[in-house]
A.B. asks: 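Right, I'll just put the structure down here and ask away after.
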Amino acid sequence: MSHIIRCAVMACAIVPAVTHASTVFDSKDIFSLEYASDVQLSPSGDSVIYVRNSNDVMRDSKRRNLWLVDTKSGEQSPLFSGESQYSQPRWSEDGKKIAFVSNMSGSSQIHVHYIAENKTALLTQLQSGVSNLTWSPDGKWLAFSQLVNEKPSVIAAMPAKPKGATWSDPAIVIDKAYYQADGRGLVKPGYRQIFVLPSDGGTARQLTSGEYHHSGKLSWRRDSKSIVFSANRIKDWEYKRLEGDLFEVDLNNNLQQLTSAPGREHTPSFSNDGKKLAYLSASNALNPYRNQKLNIMKWQNKTTKMIAGEFDRSISSPTWISDSKLAISYDDFGKRKLATITTKGKITDLTDSLSGTTLGRPYLSGEFSGNYSGKIAFTHGSSERPADVAIISKRGKQKQLTTLNEDLLAHKTLGKVHEINYKSSFDGESIQGWYITPPNFDPTKKYPLLLEIHGGPHLAYGPHFSAELQRYAAEGYVVFYDNHRGSSSYGERFAMLLKYKYSSKEDFADHNSGVDAMIQTGFVDKENVFIAGGSAGGIATAYAIGLSDRFNAAVVVKPVINWLSKVLTADSGLLQIPTQFPGMPWDHVEHYWQRSPMSLVGNVSTPTMLMTGEEDLRTPMAETEQYYQALKLRKVDTVLIKIPGAPHGIAGRPSRMISKIEHTLAWFEKYKK
C-alpha cells in the first residue's frame, strides 16, 4: 500500500493513502450519505411520507426534506425539498392533509399541506420549538407540546444603567437541580406544556399548566374531546426522574390523573374503537437498566392489564393495527425487530431489518408506523446500507421502496460484516460480537485489528451500517466490536451484570477475550492491535489501557476519567448517581474511585489520543483534561484533540465525523509495527 505524510495537531505521521478512491469508502463519501427517518404511512396505506436526510457539504449541516413514495409502484416524489428544514410529517385521519414543522418562513412553525389542492398553509407564529405534533381524529385540531418560558430568577437588585450605557450581561441565577443539558447548555427557565391549535388556522391555546414538563407522545381520545399524555407532576420531580403517570386533559383544561403505579407510564395509544388504551411502563427500581412493559387499559372502567409481562425484552412504540393487535419493536441479539403482539400477549416477529437511522457507529436504530390499513412502513437497513423506506403487507410480505444510496455505494467495495461468538475469560459468559474485514480481504494475510467499544453502557451494536467503521476497514483494518456484559438486547440479567461495575475487570475481560478470539482466526496481526471507544466506550478504553499494555495505541473519545468529579459537574448526575452507584460520592469515595480510569493511570504506557467536544456537558472536557495532564506528568505519549462547538454528540456534523475518523487513523498509523 502506498502512503502519504499527514501532519495535524500531533507530530507528522505516516498514514496509508486510499489507493482506490473510486472503489472504497472514502472520508468525503460521508457527505453524500442519505437515510430515511420518521416514516409515516397514510391512512389508506397507499403512500408513505418520510424525512429524507442528507448532508449539505457547503454548510456542514444536515438537510431534512419531505418525500412521498407510493407503496404499490415505489415511485417517489419530493413534497418539500430545498434548503429549509422539514420535520414531523403527520397525516390527517382522512388522508387529505399533512401537518409538518418547517423553518421555511424563517423560524420553526407548524404548516398544513392540502394534498389535492397542492396548497400549503402557515398556521403559527410560535416563539419556541414544537414537538409531538398530533392530529385529532376529527381533523379539527392539532395538538403539540412547547416550552413556555418563565422569567429567570433574580436575587440582587441592580441600579438602573444610564441611557446609552454599555454594561456587561447581567448575572445568571441558577436555583434548579436540573439546570444544564448537553447540546443545549443552560436550561432556559420554563416548562413544556400541551397546546391545541385549530387545523385551519387560528390561535394556539394552552391546556396544561404548572411547574412540570408535559411532553412525549400525545394520544387523542377517539371523540376528539381530550388528550392522554405522560407527565411527572410530583412536587420534587427533579429528584424522582424514574416516575411518571398518565393524565387526561380535555379541551376545557380539565385535568385527570389516570395511573399512579410506582415507576413511569408513558407512550399512550388508543385503539380505533376507543375501548382500549395501550401504554408502556417501567419500574422505578434504582437500577441502571429496566425493560419497558406493555399494558392495556380498558377505557370504560380504567382497569389495566400487563401484556406479555414475562417477555424479557424492552418493548417500544406500541401501535394499534387492529382492535386486537398492535405493532411493536424490540431489540434482540444486536438487531431491532418489528413484530406484532395480540391483546392476549402472542408475539409474532415480522422482520429484523429495522435499522439504519444512525450513520456513525453500528448502533441499533430504526422506526416504523402502522395503522388499520393492513400495512406497516419501516426504515429498512443492513450492514451495507443506511435506512431506506420499506413496507410490510398484512400477509407479512416485505418490499423495499427506496434505494437512497445506490448512486454512491453500489460502486464501492465495502468491508464485510461477520458475526463472532465467544466466551469471556472472566466467568465464561457468552458474548456476541462482529468484525468487518477490509475490501478485497485475503484470509491468508495478516491485518491490524481495531477494537471499537460502544457507549451506553446499556446500548448495543449490531450488524448495521457504520460510516466510521467502514472507513477504518477501507484503510486495511479488521474492525472488531462486541456487545459486552451490560449491553441491551439480551434481557435484564445480562444488562444488570454491570450494576455498580462500570467500568471493571469484568467488561474488560469481555473485550480482551474477543481480541483473543479474533487473533485465533489466523488473519489478525497480533503485533498490531489497537483500541478505541466513545462515551462509555471511552471509559472502557481508558480502563483497559490501565489493565493491559497489549494495545499499540488507544483513542479515548469523550470519556469519564474521575467519577467523583463527573457526576457533580455533568448534566446527568441527578439520574446517574441513584441508578449506577450505591450512594452519594462523598459517602462512597472508594467505590467511585475504583470505577474511575484515573485510579489505574499509574499503570498506563499505551500511547493515547484523547478527543472531546468543547461544549460536552455529558462527559465534560475537564474529565479529558484530567487524564491528559496525568498522562503528560507520567511522560506517556499523548495528545489532546478538542472539537470546537461540539457537544457530546461529537460527530453530529459531517466534518466532525470525518475529523474524528481521520485523527484516529493518523494516530494508529503512527504506532503500527
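In this text, all values refer to a predicted model and were calculated from it rather than measured experimentally. Only this structure's heavy atoms are used, side chains among them; waters, hydrogens and symmetry mates stay out.
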A.B. asks: Counting distance only, does the side-chain N/O of R313 pair as donor-acceptor with the main-chain N or O of S489 below 3.5 Å?
C.D. replies: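 Yes, because the side chain of R313 sits within donor-acceptor range (under 3.5 Å) of the backbone of S489.
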A.B. asks: Do Q398 and T351 get their side chains close enough for a donor-acceptor pair, meaning under 3.5 Å?
C.D. replies: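 There is such a pair between these side chains.
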A.B. asks: Side chain to side chain donor-acceptor pair (under 3.5 Å): which pairs involve residues 540-551, sequence neighbours left out?
C.D. replies: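 The answer is N512-R550, D516-R550.
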A.B. asks: Regarding Q400 and D388, is there a side-chain donor-to-acceptor distance under 3.5 Å anywhere?
C.D. replies: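 On atom types as modelled, these side chains qualify, holding a pair under 3.5 Å.
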A.B. asks: Scan side-chain atoms only and decide if S365 and T358 contain a donor-acceptor pair under the 3.5 Å cut-off.
C.D. replies: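 No, no side-chain donor-acceptor pair sits under 3.5 Å.
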A.B. asks: Determine whether I641 and I643 make a side-chain contact, defined as any pair of heavy atoms from C-beta on separated by less than 4.5 Å.
C.D. replies: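 A side-chain contact exists here, since the closest heavy-atom pair is under 4.5 Å.
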A.B. asks: Could you pull out all residues at least two apart from D182 that satisfy salt bridge (charged side-chain N to carboxylate O under 4.0 Å, His left out)?
C.D. replies: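 Not a single residue meets the salt bridge (charged side-chain N to carboxylate O under 4.0 Å, His left out) criterion with D182.
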A.B. asks: Check for a donor-acceptor pair, side chain of W667 on one end and backbone N or O of A554 on the other, with a separation under 3.5 Å.
C.D. replies: yes
A.B. asks: Just so I know, are the side chains of N65 and V51 near enough to count as touching, which here means a heavy-atom distance under 4.5 Å?
C.D. replies: no
A.B. asks: Any salt bridge (charged side-chain N to carboxylate O under 4.0 Å, His left out) involving residues 413-437? Give me the pairs, sequence neighbours left out, ordered by first then second residue.
C.D. replies: E384-K416, D427-R485, E429-R493
A.B. asks: Would you say the side-chain atoms of D510 and S424 include a donor-acceptor pair closer than 3.5 Å?
C.D. replies: yes
A.B. asks: Give a yes or no on whether the backbone of V417 and the side-chain of S383 come within a donor-acceptor separation of less than 3.5 Å.
C.D. replies: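 Such a contact is absent between S383 side chain and V417 backbone.
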A.B. asks: Classify the side-chain pair T608/T606 by whether it contains a donor and acceptor separated by less than 3.5 Å.
C.D. replies: no
A.B. asks: Is it possible for you to check whether K335 lies under 6.0 Å from the centre of the six-membered ring of Y461, through NZ or CZ, and within 45° of that ring's axis?
C.D. replies: no
A.B. asks: Between D60 (side chain only) and S655 (backbone N and O only), is there a donor and an acceptor less than 3.5 Å apart?
C.D. replies: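 Present.
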A.B. asks: H380 vs F378 aromatic rings, parallel, tilted or perpendicular, using cut-offs 30° and 60°?
C.D. replies: perpendicular
A.B. asks: Please check: side-chain N/O of E492 versus main-chain N/O of N291, any donor-acceptor pairing under 3.5 Å?
C.D. replies: yes
A.B. asks: Is a side-chain donor or acceptor of Q470 paired with a backbone partner of G415 at a separation under 3.5 angstrom?
C.D. replies: yes
A.B. asks: With under 30° as parallel and over 60° as perpendicular, where do the rings of H458 and Y289 fit, or are they tilted in between?
C.D. replies: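 Rings of H458 and Y289: tilted, 30 to 60°.
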A.B. asks: More than 12 heavy atoms of other residues, nucleotides or ligands under 6.0 Å from NZ of K632: is that the case?
C.D. replies: yes
A.B. asks: Considering only residues two or more places apart or on different chains, which pairs with a residue in residues 431-451 satisfy ring-ring contact (aromatic ring centres under 6.0 Å, His included)?
C.D. replies: H418-Y435, W434-Y481, Y435-F523, F441-Y447, F441-F523
A.B. asks: Distance-only, no hydrogens or angles: does the T638 side chain make a donor-acceptor pair with backbone N or O of M609 under 3.5 Å?
C.D. replies: no
A.B. asks: Measure from the side-chain N and O atoms of T357 to the backbone N and O of S37, and report whether any donor-acceptor pair falls under 3.5 Å.
C.D. replies: no
A.B. asks: Taking salt bridge (charged side-chain N to carboxylate O under 4.0 Å, His left out) as the cut-off, I'd like each qualifying pair that reaches into residues 447-464, sequence neighbours left out, listed once.
C.D. replies: R361-E452
A.B. asks: Answer yes if the side chains of S535 and H648 hold a donor-acceptor pair under 3.5 Å, and no otherwise.
C.D. replies: yes
A.B. asks: Please check this pair: side chain of T402 against backbone of L404, looking for a donor-acceptor N/O pair closer than 3.5 Å.
C.D. replies: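 No.
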A.B. asks: Please check if atom NZ in K501 has more than 12 non-hydrogen atoms from other residues, nucleotides or ligands closer than 6.0 Å.
C.D. replies: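 At most 12 heavy atoms, drawn from other residues, nucleotides or ligands, come within 6.0 Å of this atom.
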A.B. asks: Take R59 and E83 through the test salt bridge (Lys or Arg N to Asp or Glu O under 4.0 Å) and record every step on the way to the result.
C.D. replies: CA-CA 10 Å; R59 298 181 180 179; E83 294 189 358; 2.8 Å; yes
A.B. asks: Fit a plane to each ring of F530 and F668, take the angle between them on a 0 to 90° scale, and name the class: parallel (under 30°), tilted (30 to 60°) or perpendicular (over 60°).
C.D. replies: tilted
A.B. asks: Do any N or O atoms from the side chain of R595 and from the backbone of S503 form a donor-acceptor pair under 3.5 angstrom?
C.D. replies: yes
A.B. asks: Any pair with a residue in residues 551-572 that passes side chain to side chain donor-acceptor pair (under 3.5 Å), sequence neighbours left out, goes on the list, sorted by first then second residue, please.
C.D. replies: N528-N552, N562-Q626, S565-E623, S565-Q626, K566-S572, K566-Q576, D571-R618, S572-Q576
A.B. asks: Is the closest side-chain donor-acceptor distance between D507 and Y502 under 3.5 Å?
C.D. replies: no
A.B. asks: Between L498 and H484, is there a side-chain heavy-atom distance shorter than 4.5 Å?
C.D. replies: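 They are in side-chain contact.
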A.B. asks: Compute the ring centroids of Y592 and F581, then answer whether they are less than 6.0 Å apart.
C.D. replies: yes
A.B. asks: Do S513 and S425 pair up side chain to side chain, a donor and an acceptor below 3.5 Å, judged on atom types alone?
C.D. replies: yes
A.B. asks: Regarding Q432 and Y422, is there a side-chain donor-to-acceptor distance under 3.5 Å anywhere?
C.D. replies: no
A.B. asks: Heavy atoms only: give me the nearest Q580-P457 pair and the separation to one decimal.
C.D. replies: NE2-CD, 4.3 Å
